[in-house]
Amino acid sequence: MRIATWNVNSVRLRLPLLEKLVAQRSPDVICLQETKVVDDTFPKKDIAAMGYEHIEVRGMKSYNGVAVLSRLPLKRLNDQPFCGRDDCRHLGVQVDGIDVHSLYVPAGGDEPDPAINDKFAHKLQFMDEMAVWSKQLKEQGRPVVLTGDFNVAPLETDVWSHKQLLKVVSHTPIEVEKFDIAQAAGGWIDAVRNSIPAEEKLYSWWSYRARDWAAADRGRRLDHIWASPDLAGRLSNASILRDARGWEKPSDHVPVIVDID
DNA sequence: ATGGTAGTTTCACTA
């Protein structure tokens, strides 16, 4: 089973790119974030026509929104109410015996100080709850794949400049610490770094605000696929589809993909 | 220290 995760930054604008992902990589399951569409107007017909007849959505007007598209039947799991808000940042399904989650962690705003920036405080609280939830999932003992835009680049090689990003939201020590705690709480395997060495620079997001994103290559690895430890020996072909950043009308994020035997 | 782009409910907000 091939699983992809992608922050599409508006699913309606990205339908041609979704088609391109399917043509190139043919995932069985696609987890989306930032769909930016209410459930009633989610383009289910177009996506079913691409071969994904099983679709679960959780969207709101204008912001956030997650979805799972699948070739195989889905059973919806309970939505996780992070930070007591119904802001459509999580959706989980059961597919072919595996629990698959699409998660969108708050970006956190610009100022990395929870005392003066509510968005950063929200992000930190969200990550604390991610750790609690991870522990619960671990105790359930089911095979789980937790994917999404976690909005944190944990390793020095997950950003274009570790030194220059230490005070930039997404790579601050407090965020990386909470990221590590959540990962440890679930016993999660980083499915991508499991096969791509930590020495290798690796990004899944490049800002729209660069004159030439590829030349500057100031990226960050914000999008992740975590797997429960029982799946360790069944992961292969992890990849990040860098090319997608150069497609016409791109998202600022690219798909992250892994195969599970 | 600033400003750069993209998407959405746009003259404002989020990323």
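Residue numbering restarts at 1 for every chain, and letters A, B, ... go by the order of the sequence lines.
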Report task. Could you verify whether a donor N or O on one side chain and an acceptor N or O on the other, from A:Gln136 and A:Gln140, lie under 3.5 Å apart? Result -> no
**Report entry** Heavy atoms from other residues, nucleotides or ligands near CG of A:Asp261 exceed 12 (cutoff 6.0 Å)
**Finding:** no
Requested in this report: Send over the distance from A:His253 NE2 to B:dA6 P, rounded to a whole Å.
Outcome: 15 Å
**Report entry** Along DNA chain B (nearest heavy atom to each residue), the more 5'-positioned of A:Ala210 and A:Tyr63
**Finding:** A:Ala210
Query - Under 4.0 angstrom between A:Lys61 side-chain N/O and B:dT8 OP1 or OP2 - result: no
Query raised in the report: Roughly how many Å is it from CG in A:Asp87 to P in B:dT14, rounded to a whole number?
Result: 12 Å
Query - NZ/A:Lys75: more than 12 non-hydrogen atoms of other groups inside 6.0 Å - result: no
Query raised in the report: Tell me: CZ of A:Phe120 to C1' of B:dT14, nearest whole Å?
Result: 17 Å
Requested in this report: Nearest whole angstrom, please: distance from the P of B:dC13 to the NZ of A:Lys36.
Outcome: 15 Å
Query - Side-chain H-bond candidate by donor/acceptor type, A:Glu200 with A:Thr157, under 3.5 Å - result: no
Query raised in the report: With rounding to whole Å, what would you report as the distance between B:dA15 and B:dT9 at their C1' atoms?
Result: 16 Å
Report summary line: Closest to the 5' end of DNA chain B, once A:Met60 and A:Asn7 are matched to their nearest nucleotides, is A:Met60
Query raised in the report: OP1 or OP2 of B:dG7 less than 4.0 angstrom from a side-chain nitrogen or oxygen of A:Arg14, does that happen here?
Result: yes
Query raised in the report: If we take the P atom in both B:dT2 and B:dA6, what is their distance in whole Å?
Result: 23 Å
Query raised in the report: When you compare B:dA1 with B:dG7, how far apart are their C1' atoms, in angstrom units rounded to a whole number?
Result: 27 Å
Query raised in the report: Tell me: CD of A:Glu111 to C1' of B:dA1, nearest whole Å?
Result: 13 Å
Query raised in the report: P atom, B:dT10 versus B:dT14: distance in rounded Å?
Result: 15 Å
**Report entry** Atom-to-atom span, CG of A:Asn9 to P of B:dA15 - whole angstrom
**Finding:** 11 Å
Report task. Examine B:dG7: is either OP1 or OP2 under 4.0 Å from a nitrogen or oxygen in the side chain of A:Lys249? Give yes or no. Result -> yes
Query raised in the report: Whole Å only: how far is the CH2 atom of A:Trp6 from the C1' atom of B:dA15?
Result: 17 Å
Report summary line: When rounded to whole Å, the CH2 to C1' distance for the pair A:Trp206 and B:dG4 reads 19 Å
Query - Per A:Arg209 side chain, nearest of listed nucleotides B:dT8, B:dA15, B:dA6 - result: B:dA15
Query raised in the report: Can you find a pair of side-chain heavy atoms, one from A:His224 and one from A:Ser204, that are under 4.5 Å apart?
Result: no
